[in-house]
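Worksheet: one structure, shown below.
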Amino acid sequence: MIKRNFLLVIALSMALTWAVGCSSVKNLMKSSSSPSSSGKTTSKGLYSSVPVSMRAPVKEASFDLKRSESNLKLAKEKVKLAELKKERADLEKKQADLNERLAETMVRKGKVTIERTKLEAIDNANLGDKASNIKKIASYKTKELNIESELVNTKAEIATLNLEIKKLNKRINLQARKVDSSR
């Protein structure tokens, strides 16, 4: 559509140039010979001499230009929106990875807790070597504390990430409204 309109404008411009040729050349000669013009001509000055009935292609081209500029602005806003959505998707993937890590850590903690409670049951039943049981129980408790520390850190990362996602969602909503208002 734009290409066809562009070709139409060029064809009409060539016809206009041919039709107005002689008078335009005389005007150019007069303006270029005057000392104030210093050899330069302005298309605005010449265009004002074009009859109103012949200005339709220029008005149509101006309209197409404004529409194209508006489309460009909309496209740029859509690109910003897409970039924000991609950023959110990256954060959501990171969030899913953290949730997976949290679940894996909880499974590890559960296994260690089971082993510790088994040893405590064995020790309470006065089975096995008492000193060995106490050392193993202490070792499992240390492992549990380390795993608990991992859990706390992972939960903190998830909470921080949730805040980032909420902020990003607000920015996405604002950008989506910009896109909608630009249409």
| said: Given 3.5 Å as the limit, does a donor-acceptor pair link the side chain of Ser70 with the main chain of Lys66, or not? | reply: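 Side chain of Ser70 to backbone of Lys66, a donor-acceptor pair under 3.5 Å: no, none is there.
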- Message: If we ignore hydrogens and angles and just use 3.5 Å, is the side chain of Ser48 paired with the main-chain N or O of Gly45 as donor and acceptor?
- Response: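 Judged by distance alone, yes, a pair lies under 3.5 Å.
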Is any side-chain heavy atom of [X] less than 4.5 Å from a side-chain heavy atom of [Y]?
X: Arg67; Y: Asp64; result: yes
X: Glu150; Y: Arg108; result: yes
X: Thr117; Y: Glu120; result: yes
X: Leu145; Y: Lys141; result: no
X: Glu69; Y: Leu65; result: yes
X: Lys167; Y: Arg171; result: no

Test of understanding: with salt bridge (charged side-chain N to carboxylate O under 4.0 Å, His left out), list the residues that count as partners of Arg101, not counting sequence neighbours.
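Partners of Arg101 by the salt bridge (charged side-chain N to carboxylate O under 4.0 Å, His left out) criterion, ordered by chain and then number, come out as Glu157.
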Hey, could you give me the [atom1]/[atom2] distance between [X] and [Y], rounded to the nearest 0.5 Å?
X: Glu77; Y: Ser181; atom1: CD; atom2: OG; result: 7.5 Å
X: Thr154; Y: Asp97; atom1: OG1; atom2: CG; result: 11.5 Å
X: Ile137; Y: Glu144; atom1: CD1; atom2: CD; result: 11.0 Å
X: Asn162; Y: Gln95; atom1: CG; atom2: CD; result: 4.5 Å
X: Arg116; Y: Thr142; atom1: CZ; atom2: OG1; result: 11.0 Å
X: Gln175; Y: Asp180; atom1: CD; atom2: CG; result: 10.5 Å

Would a hydrophobic clustering, with Ile, Leu, Val, Met, Phe, Trp and Tyr connected at side-chain separations under 4.5 Å, put Val107 with Ile114? no
- [ ] Indicate, with yes or no, if Ile158 and Met106 share a hydrophobic cluster defined by side-chain heavy-atom contacts under 4.5 Å among Ile, Leu, Val, Met, Phe, Trp and Tyr.
- [x] yes
Q | Considering all heavy atoms, the nearest Val112-Ile147 contact | A |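 That would be CG2-CD1, 3.8 Å.
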Give the table of side-chain donor-acceptor pairs shorter than 3.5 Å for residues 80-92, with sequence neighbours excluded, one pair per line with atom names and distance.
from  : atom 1 : to     : atom 2 : distance (Å)
Lys86 : NZ     : Asp90  : OD2    : 3.1
Arg88 : NH1    : Asn169 : OD1    : 2.8

